[in-house]
Amino acid sequence: MTRKQSLRLIALLLICLAFSLVPHTAQAQGLPTRTFKVDTFEDLYDNVQDRSCASLSGKCSLRAAVTEAGIIYDGTPAFVHIKLPPGVYTLSLKTPPFAGSSEVHYGDLDLPGVDELTTPNEVLIEGTGGPGNPSIIDANYIDRVLELGERRKLTLRNLVIKNGWLEADSDAAASGGGIALRAQALLNLQNVRLTYNETHCTSDPDCTFSSGGAILSENANLSLFNVELDHNSADFGSAIYFWDAVGNRDFSIERSAIHHNLSQTTAIAGKGSLYLTNSSMAENDTLGHRFSNIEFDGTVWIQNSTLISASPWGNVEIRGTSNTLNIRNSILTNGLDTLENSYKNCKADNLEKIFSEGGNIFGDNSCNHNEALHDLVLTRAETMLAPLADYGGPTPSVALLPGSPAINRIPEICRAHNPYSPFEDPPLVTDQRGEPRNDGLCDAGAFEGKINMNLHLPLIRK
């Protein structure tokens with residue numbers, strides 16, 4: 001094998017490891033496995049911490065299993081697999097069940113933080129009914145649903161996270177209505193829906209805004225794959241508030257849908273670096289008429305995604321004069337008949353930091369389009385987009401109507417920028433639905449269309 005061939009092989013391995021299109025639970029090699037099979041829908045606290053997941057009734061509840069998963073026995077970390085049969089797991093313990101009770105025994109589900117010298121358990125909470133029959137965790141408006149402490153590692157799979165409610169009297173506390181991640185934690189979401197989670201401020205003057213209606217990520221690592229975020233609300237980041245003060249945390253969203261979230265500003269807000277790939281954002285409303293989909297202080301990559309603004313002001317804004325907005329093979333347009341005179345699909349503190357990577361369709365001239373790279377500037381009607389709805393796959397998408405100029409937008413395969421690849425950006429082999437992109441041509445947006453496809457127009461679920 002030549003040196004050149006060796007380098008290519010190494011690059012391929014790095015791509016497969018760091019940017020796999022089919023994510024999996026990162027179980028460390030050699031960790032002992034502990035499995036808890038939840039066998040009750042009741043919200044029962046862990047009676048005795050003894051590896052047995054036992055409540056007072058002898059049943060293994062979800063809360064008891066999460067409590068046991070947070071304990072590292074004998075200083076030896078484990079891979080903890082919590083299995084949830086299909087059904088609704090309603091949180092009901094609003095107050096301490098006994099004097100001196102730990103917070104893990106009531107309110108939200110907690111994986112407490114660990115110190116720097118401790119290796120945490122790796123935890124997987126999985127609905128056993130598969131993606132088509134997810135298990136439901138309902139916070140019942142008593143608290144947020146889940147808090148992931150410092151340095152914790154968690155994967156959620158085949159779940160619905162709903163009805164988290166957080167009302168607080170300080171800015172720091174009023175964050176993360178569905179899930180909150182603390183510093184250096186790691187959360188992977190796979191086939192998960194977060195819906196109707198909310199954060200609010202009380203009338204206390206020390207609380208000026210709430211954030212992260214569905215998810216707060218505070219100097220932590222967050223990845224979403226086949227995830228739906230809908231009908232969540234907060235003042236800032238109705239879907240996600242991601243804050244990375246250091247600048248070395250991962251934030252990626254792939255094959256996901258973010259829709260019908262409500263805020264004063266935008267659906268995704270925060271600071272850091274964001275990679276949005278094969279995803280749709282639409283119908284995210286902003287009471288303050290701000291940038292309805294993304295407002296971010298950092299570098300943003302939008303790749304083969306469809307972003308439709310529901311704001312009369314704009315679609316995507318990047319803060320910071322050195323930060324960049326990179327857009328590749330995507331559709332950015334507005335969904336309103338009436339717009340502010342100053343409406344912009346793309347806005348940045350430094351307009352020269354808006355880069356088109358080609359293959360895009362933009363609703364106006366604000367995204368620095370490049371006709372030589374097959375960019376177009378068209379209205380939404382001219383782009384020929386169907387409504388956001390269920391066209392197959394695990395999440396709602398925005399279909400391309402037959403004859404849309406987004407179909408076969410560039411004469412080559414779609415590729416997504418990979419920050420970990422030393423050589424070439426890897427190809428995108430599927431669209432948002434998981435349908436193959438295999439015709440050798442790249443469609444703009446998250447949906448792989450066909451010129452003569454027979455498209456039915458279903459209604460979006462509410």
Side-chain angles (χ1 to χ4, degrees), residues 23 144-156 161 164 166 171-190 192 194 197-199 209-225 227-230 232-259 261-277 279 281 284 286 290-303 305 307 315-320 323-326 348 419:
R144 69 162 59 93
V145 182
L146 173 69
E147 182 169 3
L148 194 60
E150 292 187 359
R151 302 175 187 86
R152 285 291 182 179
K153 298 179 181 180
L154 175 66
T155 296
L156 301 178
I161 306 293
L166 197 64
D171 293 345
S175 298
I179 303 173
L181 292 77
R182 304 307 177 189
Q184 301 180 54
L186 185 153
L187 176 64
N188 295 310
L189 301 178
Q190 302 169 11
V192 173
L194 287 101
N197 300 287
E198 304 180 30
T199 62
F209 70 91
S210 65
S211 59
I215 301 173
L216 164 72
S217 182
E218 183 181 51
N219 297 314
N221 301 286
L222 176 63
S223 69
L224 286 68
F225 185 86
V227 171
E228 183 176 3
L229 304 173
D230 65 283
N232 304 286
S233 65
D235 293 332
F236 286 82
S238 53
I240 301 173
Y241 192 82
F242 181 90
W243 187 261
D244 179 12
V246 180
N248 61 357
R249 299 299 167 193
D250 294 326
F251 182 21
S252 64
I253 302 173
E254 187 172 352
R255 282 173 48 173
S256 296
I258 301 173
H259 64 92
N261 300 286
L262 177 64
S263 77
Q264 295 288 342
T265 55
T266 187
I268 297 178
K271 176 182 175 66
S273 296
L274 166 62
Y275 293 85
L276 181 73
T277 307
S279 296
M281 298 184 69
N284 294 300
T286 54
R290 296 289 293 275
F291 285 77
S292 68
N293 283 319
I294 298 173
E295 189 173 354
F296 216 68
D297 181 357
T299 296
V300 174
W301 278 84
I302 300 173
Q303 309 179 110
S305 293
L307 281 71
N315 203 338
V316 178
E317 181 178 16
I318 303 301
R319 299 291 184 89
N323 295 321
T324 61
L325 171 59
N326 307 275

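What you see is a predicted model; the values in this text were computed from it and never measured.
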When rounded to the nearest 0.5 angstrom, what distance separates [atom1] in [X] from [atom2] in [Y]?
| X | Y | atom1 | atom2 | answer |
| --- | --- | --- | --- | --- |
| Glu295 | Asn293 | CD | CG | 11.5 Å |
| Tyr275 | Ile302 | OH | CD1 | 12.5 Å |
| Leu276 | Ile258 | CG | CD1 | 6.5 Å |
| Leu181 | Leu146 | CG | CG | 8.0 Å |
| Glu228 | His259 | CD | NE2 | 3.5 Å |
| Thr286 | Gln264 | OG1 | CD | 9.0 Å |

Look only at the side chain of [X] and the backbone of [Y], and say whether a donor-acceptor pair between them is shorter than 3.5 Å.
| X | Y | result |
| --- | --- | --- |
| Asn197 | Gly164 | yes |
| Ser263 | Thr265 | yes |
| Ser279 | Arg255 | yes |

To check you understand the geometry: which heavy-atom pair defines the closest contact between [X] and [Y], and what is its length?
| X | Y | result |
| --- | --- | --- |
| Leu229 | Asn261 | O-ND2, 3.1 Å |
| Gly298 | Ile318 | O-CG2, 3.2 Å |
| Ala267 | Asn284 | CB-CG, 3.8 Å |
| Leu189 | Ile179 | CD2-CD1, 4.4 Å |
| Thr266 | Ile294 | OG1-N, 3.2 Å |
| Ser175 | Arg144 | O-NH2, 2.6 Å |

Heavy-atom distance under 4.5 Å between the side chains of Val227 and Ile253, does that happen here? no
Not counting sequence neighbours, list each pair that qualifies as a salt bridge (Lys or Arg N to Asp or Glu O under 4.0 Å) and has a residue in residues 172-184. Glu147-Arg182, Arg182-Glu218
Would Ser223 and Asn188 count as having a side-chain donor-acceptor pair, cut-off 3.5 Å? yes
For the residue pair Glu254 / Thr277, report whether a side-chain donor-acceptor contact shorter than 3.5 Å exists. no
Distance-only donor-acceptor pairs under 3.5 Å for side chains of residues 234-247, two or more places apart:
residue	atom	partner	partner atom	Å
Asp235	OD2	Ser210	N	3.0
Asp235	OD2	Ser210	OG	3.4
Asp244	OD1	Val246	N	3.4
Asp244	OD1	Gly247	N	3.0
Asp244	OD2	Gly247	N	3.4
Asp244	OD2	Asn248	N	3.1
Asp244	OD2	Arg249	N	2.8

Salt-bridge present (Lys271, Asp297; N to O < 4.0 Å): yes
